[in-house]
Amino acid sequence: MSFLGTDFAGLKLRNPTVLASGILGTNFEILKRVFAEGGAGAVTMKSIGPEERAGHANPSVIELEHGLLNAVGLPSPGFQNMAEEWKELEGRKFPLIASIYGASAEEFATVAREVALHKPEAMEINISCPNTKEHGQIFGVDEEASKEVVSAVKKEIGSVPLIAKLTPQAHNIAVIARACEKAGANAICAINTVAGMSIDVDARRPVLYNKIGGLSGPAIKPVAVKCVYQIFESVKIPILGMGGITTGRDAIEMIQAGASAVGIGSAVYYRGIKAFSLIAEEMQEWMEKNNVKNVKEIVGAAHG
Ligand SMILES: Cc1cc2nc3c(=O)[nH]c(=O)nc-3n(C[C@H](O)[C@H](O)[C@H](O)COP(=O)(O)O)c2cc1C
């Protein structure tokens, strides 16, 4: 019998599948369903920012041949407007990862302080968003900017595990991961979406209202596997691997690259809310066939 239960940065997971941020919002009933009906091991909320934001106009999500392209533009209720959600989340029976963003280290710290009051089991910082001080360059491509955010947030949240979510757009993602580890991150999440564009040739215009978007789903899996493989060789903290995981076999691949748990995002679109339990069952089948008793046995197994 193979065992899927594991722990990740202090969280006890019944299986290694985690809902990725931004896929199903911040609503309690929906997040609860992802756990109860969907079978996820843990659930990440949509990133919460310093103020209410509407996000980009439509079209903001389109389906391409091998993935989704989205420019939802980080719509957020703002941390001040979430009293009702937090109240409902108080009695939850599932591990909750809050996700936050800001335009400066100070904004990240403010949002982190407020969100930590509601005791999420972990806090993910989305450093794949633009830094106003650096003229819109994203935090996660710069070692110093990433470090600054991690230490500012860690100061505010103390013992709450901090997960730094990295962008594949970094020149050397392993260097950024190491900088985050040094600054106090307890885990790394990789990867966020890959920048992309799609053009309607008949209209001669980009399809997305925002023109540029983030690619997710099967098309980015090799990029994600490569990033996780490189990060695993440069840090000691655990990795939440994501990007294109659609089947149990994809999840096993990500774990062999070095992930201790796997994020599921676009697969919810392809396979429905049951994606988590389907992927977990497929992982179990592979493990039984290959005589793997515990998922921990194969973390980083692809490293020679
Ligand atoms: C519509 C959409 C919205 C997203 N919103 C967020 C977000 O708010 N914060 C974040 O850190 N990542 C966000 N992401 C990125 C996902 O969490 C994930 O990193 C990415 O989609 C790769 O995983 P996947 O291929 O399984 O979807 C979003 C992705 C999609 C498709």
Side-chain angles (χ1 to χ4, degrees), residues 16-27 30-31 34 38 40 42-50 53-56 58-64 66-79 97-102 108 111 115 122-130 138-140 149 162-169 173 187-196 208-210 213-228 239-247 250-251 253-254 259 261-271 275-276 278-279:
T17 67
V18 177
L19 171 69
S21 178
I23 305 299
L24 289 169
T26 57
N27 177 278
I30 294 177
L31 298 177
V34 172
V43 168
T44 314
M45 297 172 89
K46 168 97 193 146
S47 300
I48 301 165
R53 251 175 80 102
H56 297 312
N58 287 327
S60 61
V61 184
I62 57 168
E63 186 181 357
L64 301 177
H66 305 293
L68 304 178
L69 189 66
N70 94 83
V72 290
L74 283 173
S76 167
F79 70 81
I97 304 173
S99 169
I100 62 164
Y101 71 88
F108 266 100
V111 182
V115 170
M123 194 173 309
E124 189 169 277
I125 56 167
N126 177 7
I127 52 173
S128 315
C129 63
I138 55 185
F139 288 93
V149 176
L162 186 158
I163 308 170
K165 181 162 183 183
L166 307 189
T167 168
Q169 274 152 252
I173 198 167
I188 299 293
C189 172
I191 57 173
N192 213 312
T193 53
V194 177
L208 289 176
Y209 175 84
N210 189 56
L215 187 61
S216 61
I220 70 166
K221 196 187 69 175
V223 179
V225 169
K226 167 255 176 200
C227 288
V228 168
I239 307 165
L240 172 55
M242 62 179 69
I245 297 175
T246 316
T247 65
D250 296 337
E253 183 180 0
M254 192 62 90
V262 291
I264 311 294
S266 304
V268 175
Y269 175 87
Y270 298 113
R271 303 189 77 181
F276 306 89
L278 294 172
I279 290 171

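Atoms considered below: every heavy atom in the structure, side chains included; atoms not considered: hydrogens, waters and symmetry mates. Ligands are counted one by one from 1 in listed order, and the atoms in each one are counted from 1 as well. Position 1 is the first residue of the sequence; numbering continues from there.
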Where's the contact between K165 and ligand 1, heavy-atom distance under 4.0 Å: side chain, backbone, both or neither? side chain
Contact between I191 and L166 at the side-chain level, heavy atoms closer than 4.5 Å - yes or no? no
Kindly indicate whether the side chain of L240, heavy atoms from C-beta on, has any atom under 4.5 Å from the side chain of V262. no
In the protein, what heavy atom is nearest to atom 9 (N) of ligand 1, and what distance, to one decimal place, separates them? S47 OG, 2.7 Å
Sub-4.5 Å side-chain heavy-atom contact between V61 and L69: no
Is there side-chain contact between I264 and I279, with at least one heavy-atom pair below 4.5 Å? yes
Any heavy-atom pair between the side chains of H56 and V72 that's under 4.5 Å? no
Take every heavy atom of A267, measure it against each atom of ligand 1, and state whether any distance is under 4.0 Å. no
Can you name the residues that form a ring pair (Phe, Tyr, Trp, His ring centres under 6.0 Å) with F108, not counting sequence neighbours? F139
Closest protein heavy atom to atom 30 (C) of ligand 1, given as residue, atom name and distance to 0.1 Å: N70 ND2, 3.3 Å
dist C227:SG -> M254:CE (nearest 0.5 Å) comes out at 9.0 Å
For atom 6 (C) of ligand 1, closest protein heavy-atom neighbour: S21 O, 3.3 Å
G243: numbered ligand 1 atoms lying under 4.0 Å from its heavy atoms: 22 (C), 23 (O), 25 (O)
So how far is it from L31 CG to L19 CG, rounded to the nearest 0.5 Å? 7.0 Å
Could you identify the single nearest non-hydrogen protein atom to atom 3 (C) of ligand 1 and state the distance to 0.1 Å? G22 O, 3.4 Å
For I23, counting its heavy atoms only, list the atoms of ligand 1 lying under 4.0 Å from any of them. 29 (C), 30 (C), 31 (C)
Which of the atoms in ligand 1, numbered in the order shown and given with their element, are less than 4.0 Å from a heavy-atom of S266? 24 (P), 25 (O), 26 (O), 27 (O)
Is any N or O atom of G244, backbone or side chain, closer than 3.5 Å to an N or O atom of ligand 1? yes
If you measure from each non-hydrogen atom of N192 to ligand 1, which part falls under 4.0 Å: side chain, backbone, both or neither? both
I'd like to check F276 versus V18 (side-chain heavy atoms, cut-off strictly below 4.5 Å). Are they in contact? no
Starting from atom 20 (C) of ligand 1, which protein heavy atom do you reach first, and at what distance in Å? T193 CG2, 3.9 Å
Using a strict 4.0 Å cut-off to heavy atoms of A20, name the atoms of ligand 1 that fall inside it. 17 (O)
Pairwise side-chain contact, S128 with Y101, heavy-atom cut-off 4.5 Å (strictly under): no
for atom 26 (O) of ligand 1, nearest protein heavy atom and its distance come out as G265 N, 3.0 Å
So do the side chains of M123 and I97 get within less than 4.5 Å of each other, counting heavy atoms only? no
At under 4.0 Å between heavy atoms, what of I191 touches ligand 1? The answer is backbone
re atom 5 (N) of ligand 1, the protein heavy-atom contact at minimum distance is K46 NZ, 3.1 Å
List the closest protein heavy-atom neighbour of atom 21 (O) of ligand 1: residue, atom name, distance to the nearest 0.1 Å. S216 CB, 3.3 Å
